[in-house]
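So you know, we letter chains A, B, ... as the sequences are listed, proteins then strands, and number each from 1. Predicted model, so just to flag it, every value in this text is computed and none were measured. Both backbone and side-chain heavy atoms feed into the values below; hydrogens, waters and symmetry mates do not.
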Number of protein chains: 2
Amino acid sequence: METRELRYFIAVAEESHVGRAAQRLGMAQPPLSRAISQLERRIGAHLFVRSPRGMTLTTAGETLLREGRAALAAVEAAERRTRRAIVAAGRATVVLTAKAGASSELMAKLLDAYAAEPDAVDVEVVLSPPGHQGPMLRDGRADVAILHQPFDDLSGFDADTLCVEDQVLIVPAGHPVSRAASLTVAESRSIPDLPPPRWPRLDGTYPDGPGPELRDLTQVLQLVRLGRAAILMPESARVNAGEGLAVVPVSDAPPVTTVIAWPPQSVSAGVAGLVRTASRLYASPRG
Amino acid sequence: METRELRYFIAVAEESHVGRAAQRLGMAQPPLSRAISQLERRIGAHLFVRSPRGMTLTTAGETLLREGRAALAAVEAAERRTRRAIVAAGRATVVLTAKAGASSELMAKLLDAYAAEPDAVDVEVVLSPPGHQGPMLRDGRADVAILHQPFDDLSGFDADTLCVEDQVLIVPAGHPVSRAASLTVAESRSIPDLPPPRWPRLDGTYPDGPGPELRDLTQVLQLVRLGRAAILMPESARVNAGEGLAVVPVSDAPPVTTVIAWPPQSVSAGVAGLVRTASRLYASPRG
DNA sequence: GCAACGCGATACCGCGCCGGTATCACGCGA
DNA sequence: TCGCGTGATACCGGCGCGGTATCGCGTTGC
């Protein structure tokens with residue numbers, strides 16, 4: 001199977017409509033229709049059931065969609081990382097991605113310690129909204145990531161645990177809720193004038209809701225200070241908090257585990273060194 | 001990048017020689033040469049350094065070889081699993097692979113328990129030599145596997161622990177070594193007339209050495225009875241041992257952990273059910 | 001009940017790309 | 001210096017991809 005066929009199949013499967021898929025792929029409908037038929041003939045299975053309303057996946061088709069997405073991501077990851085492996089000024093580079101604004105103290109310590117290593121390579125840090133790190137690691141935009149359990153999906157990655165923390169609700173100082181002894185997660189989500197902020201989805205759009213649209217931690221702390229939002233965060237965020245903020249314990253919030261994760265088939269010297277440094281600093285290997 | 005290009009690249013990288021790679025691919029040398037040049041131009045990096053002795057990988061090339069092998073395996077896995085997902089007689093099938101002959105009691109229990117589930121699908125069991133299970137899971141010849149730490153590479157798989165056992169050396173009854181109170185691994189490998197057996201590599205060939213060539217546990221136990229070999233195995237193998245065999249503890253052999261493993265992007269209903277049953281029976285999830 | 005619409009499939013065509021043969025350029029060893 | 005082995009280039013033929021035009025068919029609307 002060629003990646004071209006896989007791309008075509010995924011487009012049709014996602015659109016459930018050959019015409020729209022063709023449009024998305026920038027081609028005409030008939031060749032796409034034919035390509036899908038050829039793929040079905042080569043695989044030896046019907047991938048879609050045709051109806052006058054469009055195309056629906058069969059069981060085999062669902063399998064190919066699930067597996068094919070991962071496979072296509074792997075191919076694109078291989079290409080991206082190869083392109084990035086071109087030695088720039090005699091020195092390779094590693095791309096590390098993390099939640100924007102979070103765990104800044106931990107990351108500063110890690111990067112400083114790694115930079116002091118004799119064989120350290122340059123580390124490019126890419127900060128992105130929560131939940132975007134896993135996909136970046138999977139499709140090769142990053143080589144190594146700081147992830148957070150239980151929020152991020154670690155499946156397919158190797159990982160070392162860096163730290164475990166409880167979560168607290170950060171609210172504007174002086175707000176009535178700041179005097180509460182403790183809250184539940186459900187309560188923290190339904191404070192009338194302090195809606196939880198909204199983070200962008202993978203495609204960059206935002207879910208509906210009353211909360212403000214955000215991209216990083218600086219923005220959210222500013223909004224909390226302005227009395228426009230409340231946010232559930234690991235305790236360590238308190239050190240960045242400063243004036244104008246108060247902290248309320250949340251009784252039933254799960255503890256959050258910060259890990260350093262990497263795709264196992266992608267251990268360049270840079271990634272290995274970075275992980276080794278992290279393990280040395282935080283010493284509690286897992287994977 | 002197309003999988004055709006990836007296959008060509010991997011062949012040339014592995015052969016370090018365009019001509020031999022072309023022969024292996026069943027094509028002439030010039031188009032392969034051109035395809036590699038095109039790939040390099042499209043990626044924007046030199047993947048090989050050309051010498052009059054052949055082709056050597058650059059750093060970028062090494063990255064593409066490492067990542068590309070995994071990516072190609074993922075594509076082939078997608079295709080194989082799709083082909084297998086064709087509903088056969090109204091019933092899907094799951095392929096489970098395990099070391100030939102080993103852990104038969106555990107597997108029998110697992111398969112019986114699963115077959116009793118209301119929504120169980122057919123399970124095809126594929127027994128293969130030690131070390132072949134991981135690759136089969138990676139390239140889609142199997143959906144779920146019984147693996148053994150620390151021998152098998154679990155990276156990229158999700159897994160649940162089933163049991164942990166110590167290892168013992170199985171020797172012919174009456175052999176002088178059977179009267180030893182305990183041995184080290186090094187000692188167990190160097191008993192003059194009882195060489196460790198040889199298992200096939202992934203390509204089916206055997207490493208050099210004095211020991212007999214084997215493919216499954218039945219063969220090895222027979223050979224041990226005949227006084228031709230000694231083998232290091234988990235304790236549970238004793239139950240299959242029967243007459244003519246003796247067991248010697250091995251002091252420094254690492255304990256072996258039996259796990260059920262599966263590729264995270266490939267959780268069909270059958271795999272999920274099988275894993276659920278295994279966890280229920282052995283209850284010690286690992287992630 | 002019939003016409004119009006929307007869906008995917010088919011027919012046909014042209015061109016680009018892939019793979020083939022023949023040959024070249026070049027470094028190395030005899 | 002010549003021959004050998006390496007990969008690269010030149011050129012050609014055919015397959016396959018993608019394009020336009022059109023069909024078959026089921027659904028929907030009046």
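- Contact check, B/R4 against C/dG19: a side-chain N or O comes under 4.0 Å of OP1 or OP2.
- Of the possible polar contacts, one joining the B/H132 side chain to the B/R201 backbone as a donor-acceptor pair under 3.5 Å is found.
- Between the CD atom of B/E2 and the C1' atom of D/dG16 there is a distance of 13 Å, rounded to whole Å.
- In this structure, the ring pair (Phe, Tyr, Trp, His ring centres under 6.0 Å) partners of B/F9, at least two apart in sequence or on a different chain, are B/F48.
- OP1 and OP2 of C/dG27 both lie 4.0 Å or more from every side-chain N or O belonging to B/R50.
- Checked by atom type and distance alone, the side chain of B/T58 pairs as donor or acceptor with a backbone atom of B/L47 at under 3.5 Å.
- Per the geometry, CZ belonging to A/R34 stands 16 Å off P belonging to C/dG8, to the nearest Å.
- At the heavy-atom level, A/P31 lies under 4.0 Å from base atoms of the strands shown.
- Note on A/Y8: only backbone sugar-phosphate atoms sit closer than 4.0 angstrom, heavy atoms only; bases stay farther off.
- Atom CG of B/L25 and atom C1' of C/dC18 are 14 Å apart (whole Å).
- Taking atom CD of residue A/Q29 and atom P of nucleotide D/dG18, one finds them 13 Å apart after rounding to whole Å.
- Using a 4.0 Å heavy-atom cutoff across all strands shown, B/Q38 reaches sugar-phosphate atoms only and no base atom.
- The 5' end of DNA chain C is approached more closely, in terms of each residue's nearest nucleotide, by A/P52 than by the other of A/P30 and A/P52.
- Residue A/Q23 places its CD atom among 12 or fewer non-hydrogen atoms of other residues, nucleotides or ligands, all under 6.0 Å distant.
- Between the CD atom of A/Q23 and the P atom of C/dC7 there is a distance of 11 Å, rounded to whole Å.
- Comment: A/E67 does not engage B/R80 in a salt bridge, judged by the lack of any side-chain N to carboxylate O separation of less than 4.0 angstrom.
- Rounding to whole angstrom units, CG of residue A/L32 and C1' of C/dG8 are separated by 11 Å.
- Between A/R42 and A/R53, the residue anchored closer to the 5' end of DNA chain D is A/R42, taking for each the nucleotide with the nearest heavy atom.
- The distance from atom CE of A/M27 to atom C1' of D/dG19 is 10 Å, rounded to the nearest whole Å.
- Between the CE atom of A/M55 and the P atom of C/dC7 there is a distance of 13 Å, given to the nearest Å.
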